[in-house]
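Below: one structure, written as structure tokens.
The first residue in the sequence is number 1, and the count goes up from there.
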Amino acid sequence: VLAGGGPGELFETSVYPRGQWGLHGAAFKAGLAAENLTEWQFGLASIGFRWNVSGTYMQAVPRIFSTDADGNDGRDFLSEYFPSASRLGTATFFKGYEWPFDVEKVTGCGSSLIDVLVHRERQKGRRVWLDYRRNCCAEFSVDALGPEPREYLRRAGATQATPIERLEHMNPLAVEIYAEHNIDLHSEPIEVAVCAQHNNGGFAVDAWWQSNVRGTFVIGEMAGTHGVRRPGGAALNAGQVGGLRAAKYIANVCGAEASEGTCNEQQLGEIIGGLQRHRESEGLEPGEVIRDIKRRMTEAAGHVHRLSIATKALGEAIQLYKSICRDGLRAADGKGLVDAVRAEQLALAGVGYLKAVVEYLEAGGGSRGSYMVLDDGGVEIHPELCDERTGKPLRFKQENEMMRNKILRMRFDAETPDFFRCEWIRPREVKMRKEAFETAWREFREGKIYRDGQ
Ligand SMILES: Cc1cc2nc3c(=O)[nH]c(=O)nc-3n(C[C@H](O)[C@H](O)[C@H](O)COP(=O)(O)OP(=O)(O)OC[C@H]3O[C@@H](n4cnc5c(N)ncnc54)[C@H](O)[C@@H]3O)c2cc1C
């Protein structure tokens, strides 16, 4: 049963707990088919202490500003794009319960325009901060916000003068958790970025969470069951449901006896040989490789995609993986070996995830869920937000709804030029069954329900 969670370490900006390497490289190598790898959830999070700044963190309407790399030259960069303090404050408030980046909330100065602008600012080499000591601008007033935030804050009694007072009033635990990590929101801003927070795709499973490799089950975030627009809270439920169903199937069909733990000497030999190759290698240093993968993934497969950038990134990822297969990674000691194994696995996972993005975009896929596909012929994001290459307003491609009836399924294949075989399959139909209670109950009691995993 594979339950390694999402591969949070694939990204430079990530709100996963550190050390979430995942088991994706190993699962690809073992022949497991993956589905919907394009689908993630991205959102604003603090990056020192990793924590989503969703809900009350944004409903308290903090100031969002940027600085240079040294923390100087503070600028209220959002004000240039929002026509008034009221519109900026309202969008900031909505970022609370419209938390993950949502491409449908970008235009018209929607709340997800903030994610686009934060990302843009960071791409310029600047750092972005949330500051609870000050309002977003001098003209800010709760009374001047749009009707929904105004009423919400009034009803919550959160009409205090500063964001920290409003936050403390509505949700003191939100302030406390930063204090527990030695961050005092009363006296310092927190650095934020648009971070990877959940992988909605993953490995293909049937209704008993069994993968295409018989006897291997995938549960939790690693299973590709979460859909394009996973509702908040659904991941933990999905993990429990999948775990329970896999356990029932295993107990009822596979038998509950633990295996005798036979050792496949050929496989062990291959593993030891692979480690030895890293020990003797003059190749790349694993830490550098991991940094390189993260930077590439955040740039090309984060919440903003562009076909040309993703294609280039995929080419680089393939070259990197080939060089690791050919030359190994430099591992001076035991720790170096662990890093080398992680880097090798992550490199293969990176190829898989980038291949999915390129395949989807080449098939005509547009923006959906938590990512935006940039396209010169698409919808204008904001008249003042220009594409640096053309000097014209940046545009994105709308969702291609035809893709709703297709699932991208991929399998590792060392013989193909880019290591993955792809096919488009149709979503499984949910069968309509009109059976009498007695029949259905008998099937359940006699264990017949375990025969059809589809
Ligand atoms: C900041 C944040 C907030 C979230 N909030 C919510 C929420 O409010 N509601 C909700 O439903 N979901 C939420 N999620 C998503 C949810 O937490 C995850 O989807 C869920 O925890 C995944 O459970 P899991 O058991 O699949 O994996 P995990 O809980 O990630 O566990 C996987 C385990 O496997 C270990 N592991 C990984 N790789 C290896 C390896 N190679 N070898 C050995 N061990 C390994 C990891 O260290 C970890 O202990 C949130 C996620 C984040 C990051």
Side-chain angles (χ1 to χ4, degrees), residues 15 43-49 51-67 74-102 105-122 127-179 183-195 232 382:
V15 66
L44 269 186
S46 59
I47 54 177
F49 159 52
W51 197 248
N52 291 341
V53 286
S54 54
T56 345
Y57 287 109
M58 301 306 281
Q59 282 156 239
V61 197
R63 175 190 178 213
I64 304 174
F65 72 103
S66 73
T67 65
R75 280 183 43 212
D76 292 289
F77 65 101
L78 294 177
S79 312
E80 293 167 32
Y81 299 92
F82 286 86
S84 64
S86 166
R87 293 285 296 277
L88 172 55
T90 299
T92 307
F93 174 92
F94 277 121
K95 192 73 267 186
Y97 51 74
E98 295 174 348
W99 177 76
F101 174 68
D102 181 347
K105 300 188 175 73
V106 170
T107 53
C109 289
S111 61
S112 280
L113 178 61
I114 296 177
D115 305 72
V116 176
L117 297 172
V118 167
H119 182 62
R120 202 25 140 53
E121 205 67 2
R122 284 180 54 86
R127 301 167 72 185
V128 180
W129 309 82
L130 289 193
D131 190 349
Y132 289 89
R133 298 165 301 179
R134 288 177 55 184
N135 288 310
C136 56
C137 49
E139 309 84 64
F140 175 84
S141 136
V142 169
D143 293 334
L145 290 174
E148 200 175 328
R150 189 173 62 225
E151 279 316 302
Y152 185 99
L153 292 174
R154 278 186 187 158
R155 272 204 315 273
T159 51
Q160 295 78 0
T162 61
I164 186 67
E165 290 171 293
R166 296 192 287 273
L167 182 63
E168 230 163 12
H169 175 81
M170 288 191 282
N171 190 356
L173 293 179
V175 181
E176 249 174 70
I177 192 154
Y178 277 92
I183 299 162
D184 182 4
L185 296 184
H186 296 89
S187 61
E188 58 188 309
I190 46 173
E191 187 170 4
V192 294
V194 183
C195 291
H382 187 287

- With side chain to side chain contact (heavy atoms under 4.5 Å, CB included) as the test, would you mind laying out the steps for Tyr132 and Val175 before giving the verdict? CA-CA 10 Å; Tyr132 289 89; Val175 181; over 6 Å; no

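- In terms of heavy atoms, Cys109 sits closest to Pro83 at SG-CD, 4.0 Å.
- Between Leu145 and Gly89, the shortest heavy-atom contact is CD2-C, 3.5 Å.
- Side-chain atoms of Asp184 come within 3.5 Å of backbone atoms of His186 as a donor-acceptor pair (strictly under, hydrogens ignored).
- At least one side-chain heavy atom of Glu151 sits less than 4.5 Å from a side-chain heavy atom of Arg154.
- Taking 4.5 Å as the limit, every side-chain heavy atom of Glu80 sits out of range of all side-chain heavy atoms of His382.
- In terms of modelled atom types and a separation under 3.5 Å, the side chain of Ser46 and the main chain of Gly48 share no donor-acceptor contact.
- A side-chain contact (heavy atoms from CB on, under 4.5 Å) with Ile190 is found for one member of Tyr57, Trp51, Tyr178 and no other, namely Tyr178.
- Across every non-hydrogen atom of Ala91 and Ser111, the tightest pair is O-CB, 3.5 Å.
- Between Leu88 and Cys136, the closest heavy-atom pair is CD2-CB, 3.9 Å.
- Looking at heavy atoms from C-beta onward, Pro163 lies out of side-chain contact with Leu167 at the 4.5 angstrom threshold.
- Arg63 pairs in a side-chain hydrogen bond (donor to acceptor under 3.5 Å, both in side chains) with only one of the listed residues (Thr162, Asp76, Thr92, Asn135), which is Asp76.
- In this structure, Phe82 and Leu117 have side chains that are in contact, with non-hydrogen atoms separated by less than 4.5 Å.
- In this structure, Ser112 and Val106 have side chains that are in contact, with non-hydrogen atoms separated by less than 4.5 Å.
- Using a 30° and 60° split on the angle between ring planes, Phe65 and Trp129 fall in the parallel class, below 30°.
- Summarising the geometry, atom CD1 belonging to Ile164 is positioned 15.0 Å from atom CZ belonging to Arg134; distances are rounded to the nearest 0.5 Å.
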- Message: Go through it in stages, so that I can follow the logic: the residues are Ile114 and Leu44, the test is side chain to side chain contact (heavy atoms under 4.5 Å, CB included), and I'd like the CA-CA distance, side-chain angles, deciding distance and then a yes or no.
- Response: CA-CA 9 Å; Ile114 296 177; Leu44 269 186; 4.3 Å; yes

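- Aromatic pair Tyr81/Phe77: ring centres not closer than 6.0 Å.
- Going from atom OH of Tyr152 over to atom CZ of Phe94 covers 11.0 Å, rounded to the nearest 0.5 Å.
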- Step-by-step salt bridge (Lys or Arg N to Asp or Glu O under 4.0 Å) determination, Glu121 to Arg127: CA-CA 7 Å; Glu121 205 67 2; Arg127 301 167 72 185; over 6 Å; no

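- Separation of atoms CD (Glu139) and OG (Ser84) is listed at 9.0 Å; rounding is to 0.5 Å.
- Closest of all the heavy-atom pairs between Asp115 and Lys95 is OD1-NZ, 2.6 Å.
- With rounding to the nearest 0.5 Å, the separation of OG1 in Thr90 from CD in Glu148 is 10.0 Å.
- Between the CD atom in Glu176 and the CD atom in Glu168 there is a gap of 9.0 Å [rounded to 0.5 Å].
- Partners of Arg133 under the side-chain hydrogen bond (donor to acceptor under 3.5 Å, both in side chains) rule, at least two apart in sequence or in another chain, are Asp131.
- Closest approach of Ala158 to Val142, counting heavy atoms only: O-CG2, 4.2 Å.
- With contacts defined as side-chain heavy-atom distances shorter than 4.5 Å, the pair Ile64/Met58 qualifies.
- For the pair Ile177 and Leu173, the minimum side-chain heavy-atom distance is 4.5 Å or more.
- To the nearest 0.5 Å, atoms CE (Met170) and OG1 (Thr56) are separated by 6.0 Å.
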- Item | Chi angles and distances behind the side chain to side chain contact (heavy atoms under 4.5 Å, CB included) call for Arg122, Glu191 | CA-CA 11 Å; Arg122 284 180 54 86; Glu191 187 170 4; 3.7 Å; yes

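- The closest donor-acceptor contact from the side chain of Trp99 to the backbone of Gly55 lies at 3.5 Å or more, if one exists at all.
- Side chain of Gln160 to backbone of Gly157: a donor-acceptor contact under 3.5 angstrom is found.
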